[in-house]
J.: 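What follows is a single structure, and I will ask about it in a moment.
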Amino acid sequence: MPTILDLLYREYCRARLAEMRKQLLIAAERAEAHEAHHHPADQGDDEGTDAHRKTGRGLPH
């Protein structure tokens with residue numbers, strides 16, 4: 001009986017590790033895809049972006 005439980009536990013752990021690895025790979029692929037699609041702001045946009053960050057509002061018109 002303990003041998004069967006040991007075998008079942010090992011199989012459970014193996015399957016759980018495989019699932020965790022799969023989730024990590026999916027998360028890594030999503031992060032890479034997000035970075036590939038992210039375009040940094042142009043230098044001309046820096047002033048407006050900085051003003052927005054400091055005050056929480058855009059530049060006055």
Side-chain angles (χ1 to χ4, degrees):
M1 184 71 173
T3 309
I4 293 172
L5 293 176
D6 187 49
L7 179 67
L8 290 173
Y9 181 72
R10 286 184 187 193
E11 182 60 23
Y12 168 79
C13 291
R14 185 201 60 77
R16 184 69 180 116
L17 284 171
E19 183 180 329
M20 290 168 54
R21 286 186 188 116
K22 181 180 175 183
Q23 289 175 351
L24 286 172
L25 288 174
I26 290 171
E29 288 174 0
R30 286 182 183 167
E32 289 173 359
H34 178 69
E35 289 175 3
H37 293 300
H38 177 71
H39 299 290
D42 292 332
Q43 288 183 353
D45 293 340
D46 286 345
E47 292 177 15
T49 304
D50 288 342
H52 179 67
R53 282 187 194 139
K54 290 177 186 173
T55 63
R57 299 183 220 156
L59 287 174
H61 295 287

J.: From Leu8 CG over to Leu5 CG, what is the distance, rounded to the nearest 0.5 angstrom?
T.: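 Rounded to the nearest 0.5 Å, the CG-CG separation comes to 6.5 Å.
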
J.: Side chain to side chain contact (heavy atoms under 4.5 Å, CB included) with Glu19: which residues, sequence neighbours excluded?
T.: Arg16, Gln23

J.: Test: salt bridge (charged side-chain N to carboxylate O under 4.0 Å, His left out). Region: residues 4-14. Which pairs qualify, not counting sequence neighbours?
T.: Asp6-Arg10, Glu11-Arg14

J.: My understanding is that only residues two or more places apart in sequence, or in another chain, count here; which of them pass side chain to side chain donor-acceptor pair (under 3.5 Å) with Arg21?
T.: none

J.: Under the side chain to side chain contact (heavy atoms under 4.5 Å, CB included) rule, collect the residues that match up with Ile26, sequence neighbours excluded.
T.: Lys22, Arg30

